[in-house]
Amino acid sequence: MDFRARFAPSPTGQVHIGNIRTAIFNWLEARHNKGTFLLRIEDTDLERSTQDAINKLMECMQWLGMDYDEEPMYQTAQGEKHKASAQKLLENKEAYLLDPSAEKSPVVFKFPYKCDDFKFIRQCGAAELALAPDSKVSFNQTGITFFTVTSKGKVVDNTQTLAGFKDLEIVDADGNTLYKLDDAGYDALSDDPAQKVEIEHAAKLKFQRREVFYQDLVKGELAKPIDSMKDFIIVRTDGSPVFHLANVYDDIEQRVTHIVRGDDHVENTYKHLFLFKSLGYPEPSYAHLPMIVNQQGKPYSKRDGDAFVGDFRAKGFLAQALFNYLALLGWSPGDDREKLNREELIEAFSLERALRSPAQMDMKKLTNLNGQYIAELPHEEYMKYVMDFLPAEFAGSPKLDAVAKLMHSRVKTFADVAGWSYFFVGTDALEYDPKGVQKFLSGDTFRKPLEELSAKIAASDGSASAVEEAIHAVEEANGIKQGHLNQPLRVAVTGTTVGAGMSETVEVLGKEETCARIARALSL
RNA sequence: GUCCCCAUCGUCUAGAGGCCUAGGACACCAGGUUUUCAUCCUGGUAACCGGGGUUCGAAUCCCCGUGGGGACGCCA
């Protein structure tokens, strides 16, 4: 079967982790099924959609290697078609005007009262609804309004679609039938919201309950009774199409067969199923992904300042690492593999294995995975990233290549590269970690050994092995425990307490520079 | 308020009634390798939300409770 999936973001802000995870699952599912992956920009919210957001979105897609197969569709370009389809629904009496007397009125989609033969509708048997005592019920084709009492005794009004109340019977407190509705009676009802049938002194609603149901690819069977649903607006007063109409219409036009989207859309699905039917197309398969929550356990929202995809790039994460990590949020291949490349992910992916519960983002695990990916980067490629993150003034340094090699195994994110500057700055510009100085250079304990060491290094060829030998010799001559001269030397030479192998560090730095730094450190 | 969904170590997860003394990964702790740090290796701490059922047997199936989340727009 032809498999077509789509990612349909609204460009109203930066793409965050939750959005892009949805895109990844769509992409993976499409590629796994050798199907088609489409992009649609849902920019109908003119107030908030921006070109900048669209650009950023495209950048993210490209960065993460998610290619799409056809020209992206821009929803605003579809406006006329959306309006035409709404007009057709109006003509077919499948929609009505909210305010027919006004010059301009929103168009409302009317859930069909006669829907028993729909694939996604099933009967739930007789149902009853207790009303507020002696209250009024008003209805016509545009809906039914009635009053109920909450558990706290408060009277509230409810307006629902009439389609939810098949074979409606209104009875009074004594059980007498006040009104009975059948199919013919329904046809006689007005679809002008101002002309409603009103029944007084009602006590109870009796009806046949029906529900919408469908098989969600990740959540299993989902259902909702129609009597809890309301007709909904599909065209605004200003004539612009609303999300529901635009979304469904475009899915039809793009011939989408599988809709994979966020959890927050499950309720919309019950509406969209009817829209597909009314527009004359078979319903697609649906899969609803649970949310991704932040460190506080709250779902990422558009207002969330953190977790923008572009920020991860700027923080030195590799696209393949983020892609891998995100694919594993709410999905697993079923075996113990965690580090999977693109091909392996495509091969192993299936929506059936997607989890139903929300997942929390763990930066530490992402960082670790990123480090693994960096570790196996070939040197040339690794250097490209290094250059992107290295302060510009050090870019031309002859030491750069040696420094980068030396530090490769310890880079977790390329942001770490900024911490290499002690290799490049001049002796006088070196900054010292006060704690390290306090611990290793205060007092005279290491003064003499460091002076001796400096002399030995100056006299040597400056190679790592020579430096190592020198350190050894000085330690022995001064009764210092083996290895204990390393940290004082490190602080003196690098200003920090952590770094790469000491003798290699000196070799890369050069013996003249090393000696100059020791001299300066001892004069502090 | 109404409706809906979810629930295994701190976190991501494995688990389709007996392979579970609940496995893996991150993080954490300890030890080893490394003259330091990192890498790497070894080991360890740590979970089935609670209560009832069903069953010879439940993390797994059912019910109730609790907790968390979502949806109820002329936003998408």
Side-chain angles (χ1 to χ4, degrees), chain A residues 8-12 42-45 47-49 75 98 104-108 148 150-152 154 156 158 160 216 219-220 222-225 227-230 232-244 246-247 261-270 288 290-293 295 297-299 302 325 328-339 353 355-369 371-372 375 406-412 416 467-468 471-472 475 480-491 494 496-503 505:
Chain A
S10 57
T12 56
E42 302 213 328
D43 51 356
T44 49
D45 184 347
E47 299 277 299
R48 296 187 298 147
S49 297
Q75 198 153 57
L98 223 206
K104 286 182 184 282
S105 162
V107 180
V108 182
T148 53
T150 68
S151 54
K152 284 178 182 163
K154 203 177 152 198
V156 291
N158 311 265
Q160 312 294 157
D216 193 285
K219 293 190 170 271
L222 256 24
K224 186 182 175 95
D227 52 289
S228 66
M229 294 165 67
K230 286 180 180 39
F232 56 96
I233 291 174
I234 51 175
V235 178
R236 301 185 184 94
T237 309
D238 68 4
S240 62
V242 170
F243 162 74
H244 301 293
N247 183 266
R261 52 172 26 167
D263 226 351
D264 46 338
H265 282 294
V266 289
E267 299 281 325
N268 291 334
T269 306
Y270 304 114
H288 288 96
M291 313 256 118
I292 293 184
V293 298
Q295 310 277 346
K298 299 286 174 197
K302 299 209 163 169
Y325 179 76
L328 253 32
L329 230 41
W331 176 83
S332 76
D335 47 41
D336 283 341
R337 287 181 297 166
E338 295 211 330
K339 187 163 169 294
R353 288 195 57 81
L355 257 21
R356 305 169 177 207
S357 49
Q360 192 175 93
M361 179 87 184
D362 182 1
M363 285 304 290
K364 285 190 173 159
K365 188 156 183 167
L366 204 213
T367 303
N368 177 282
L369 190 63
Q372 290 183 45
L406 191 57
M407 303 303 275
H408 196 151
S409 75
R410 73 189 50 241
V411 178
K412 293 291 183 193
D416 298 347
V467 172
E468 193 173 331
I471 294 173
H472 260 280
E475 281 173 343
I480 297 169
K481 226 171 122 191
Q482 190 175 319
H484 281 219
L485 191 52
N486 276 295
Q487 286 303 77
L489 176 62
R490 181 183 302 282
V491 175
T494 70
T496 71
T497 53
V498 293
M502 202 53 238
S503 50
T505 300

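This structure is a prediction, so every number in the text was calculated from the model and none was measured. Protein chains get the first letters and strands the later ones, always in sequence-line order, with residue 1 at the start of each.
When distances are taken from the side chain of A:Asp264 to each of B:A71, B:U13, B:U11, the shortest belongs to B:A71. Proximity note for A:Glu267 (side chain, C-beta onward) versus B:A71, B:U35, B:U39: the nearest is B:A71. Which of B:C74, B:A76, B:C6 sits closest to the side chain of A:Pro358 comes down to B:C6. Picking from B:G24, B:C3, B:A7 the nucleotide with the shortest atom distance to the side chain of A:Glu338 gives B:G24. Closest to the side chain of A:Asp336, out of B:G24, B:A76, B:A71, is B:G24. You'll find that the side chain of A:Val242 is closest to B:C74, out of B:U36, B:C74, B:U11. Closest to the A:Ile233 side chain, of the nucleotides B:C74, B:C12, B:C37, is B:C74. In the set B:C3, B:C6, B:A27, the nucleotide with an atom closest to the side chain of A:Asn368 is B:A27. Here the nucleotide nearest the side chain of A:Lys364, chosen from B:G24, B:U39, B:A27, is B:A27.
One P atom belongs to B:A14, the other to B:C49, and the distance between them is 14 Å to the nearest Å. Atom name C1', nucleotides B:G18 and B:C61: the rounded distance is 15 Å, in whole Å. Nucleotides B:C12 and B:C48 have their P atoms positioned 16 Å apart, rounded to a whole Å. The separation of B:A46 from B:U11, taken at their P atoms, amounts to 16 Å, rounded to a whole angstrom. Here, B:U45 and B:C4 have their C1' atoms 39 Å apart, quoted to the whole Å. Rounded to whole Å, the C1' atom of B:U13 lies 14 Å from the corresponding atom of B:A7. Comparing B:G43 with B:C56, their P atoms sit 41 Å apart, to the nearest whole Å. Nucleotides B:C19 and B:G32, compared at atom P, are 38 Å apart to the nearest Å.
Using a 4.0 Å heavy-atom distance criterion, A:Asp335 is classed as making no nucleic acid contact. As judged by a 4.0 angstrom heavy-atom cut-off over every strand, A:Lys219 is placed among residues touching the sugar-phosphate backbone only. Backbone-only contact: A:Gly330 has heavy atoms under 4.0 Å from sugar-phosphate atoms and none from a base. Within the nucleic acid shown, A:Leu328 comes within 4.0 Å of sugar-phosphate atoms alone, with no base atom in reach, counting heavy atoms only. Counting non-hydrogen atoms under 4.0 angstrom, A:Ser332 reaches the backbone sugars and phosphates but no base. A:Glu42 comes within 4.0 angstrom of the backbone, heavy atoms only, and of no base. Among the heavy atoms of the strands, none lies under 4.0 Å from A:Glu47. Residue-level contact check: A:Gln487 touches the bases, meaning some heavy atom is under 4.0 Å from a base atom. No engagement by A:Leu489 is indicated, since no non-hydrogen atom pair under 4.0 Å with the nucleic acid exists. Residue contacts shown for A:Ala359 are limited to sugar-phosphate atoms, with no base heavy atom under 4.0 Å away. Nucleic acid contact for A:His265: base, since at least one base atom lies under 4.0 Å from a heavy atom of the residue.
Toward the 5' end of RNA chain B, the nearer of the two residues A:Gly334 and A:Asp45, judged by each one's closest nucleotide, is A:Gly334. Two residues, A:Leu329 and A:Lys365, neighbour RNA chain B, and the one matched to the more 5' nucleotide by heavy-atom proximity is A:Leu329.
Going from atom CG of A:Leu328 over to atom CG of A:Asp362 covers 12.0 Å, rounded to the nearest 0.5 Å. Atoms CE and CD1, on A:Met502 and A:Ile471 in that order, are 6.5 Å from each other to the nearest 0.5 Å.
In this model, the phosphate group of B:G1 is not approached by any side-chain N or O of A:Thr150 to a distance below 4.0 Å at OP1 or OP2. Between A:Arg353 and the phosphate of B:A14, there is a side-chain N or O to OP1/OP2 separation shorter than 4.0 Å. Here A:Arg236 reaches the OP1 or OP2 of B:A76: one of its side-chain N or O atoms lies under 4.0 Å away. Using a 4.0 Å cut-off, no side-chain N or O of A:Arg410 falls inside it from OP1 or OP2 of B:U39. Side-chain nitrogen and oxygen atoms of A:Asn158 include none within less than 4.0 Å of the OP1 or OP2 phosphate oxygen of B:U2. Between A:Ser503 and the phosphate of B:U35, there is no side-chain N or O to OP1/OP2 separation shorter than 4.0 Å.
Summarising the geometry, the separation between CD1 on A:Ile480 and P on B:U36 is reported as 15 Å, rounded to the nearest angstrom. When rounded to the nearest whole Å, the span between CG of A:Leu406 and P of B:U39 equals 15 Å. Between the CG atom of A:Asp263 and the P atom of B:C4 there is a distance of 15 Å, given to the nearest Å. Separating the CG atom of A:Asp416 from the C1' atom of B:C37 is a distance of 13 Å, rounded to the nearest angstrom. Regarding A:Met361, its CE atom lies at a distance of 17 Å from the C1' atom of B:G10, rounded to whole Å. What separates NZ of A:Lys412 from C1' of B:A38 is a distance of 8 Å, to the nearest Å.
Across all strands shown, B:A7 forms a Watson-Crick or G-U wobble pair, both distances under 3.5 Å, with B:U66. Of the nucleotides present, none pairs with B:U54 by Watson-Crick or G-U wobble criteria with both distances under 3.5 Å. With a cut-off of 3.5 Å on both Watson-Crick or G-U wobble distances, the partner of B:A30 is given as B:U42. The pairing partner recorded for B:G1 is B:C72, the criterion being a Watson-Crick or G-U wobble arrangement whose two distances lie under 3.5 angstrom.
Residue A:Asn268 places a side-chain atom within donor-acceptor reach of the base of B:A76, judged by atom type and a 3.5 Å distance cut-off alone.
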Intermediate values then yes/no, side-chain contact (heavy atoms from CB on, under 4.5 Å), A:Thr237 and A:Lys104
CA-CA 6 Å; A:Thr237 309; A:Lys104 286 182 184 282; 4.2 Å; yes
Should A:Thr494 and A:Arg490 be marked as a side chain to side chain donor-acceptor pair (under 3.5 Å) after you check the CA-CA gap, both sets of side-chain angles, and the distance that decides it?
CA-CA 6 Å; A:Thr494 70; A:Arg490 181 183 302 282; 5.3 Å; no
As a quick check of understanding, evaluate salt bridge (charged side-chain N to carboxylate O under 4.0 Å, His left out) for A:Asp335 and A:Arg337, giving each step before the final call.
CA-CA 6 Å; A:Asp335 47 41; A:Arg337 287 181 297 166; 3.1 Å; yes
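Closest non-hydrogen pair, A:Leu406 versus A:Ala500, comes out as CG-CB, 3.5 Å.
For the residue pair A:Gln482/A:Glu475, the side-chain donor-acceptor check at 3.5 Å is not satisfied.
A:Ser10 contributes no side-chain N or O that, together with a main-chain N or O of A:Glu42, makes up a donor-acceptor pair within less than 3.5 Å. A:Asp43 places a side-chain N or O within 3.5 Å of a backbone atom of A:Gln75 that can act as its donor or acceptor partner.
Put simply, A:His244 does not rest on the base of B:A76: the two rings are not both less than 5.5 Å apart at their centres and under 30° in tilt.
Of the residues A:Asp216, A:Asn268, A:Asp263, the one that meets the side chain to side chain donor-acceptor pair (under 3.5 Å) test with A:His288 is A:Asp216.
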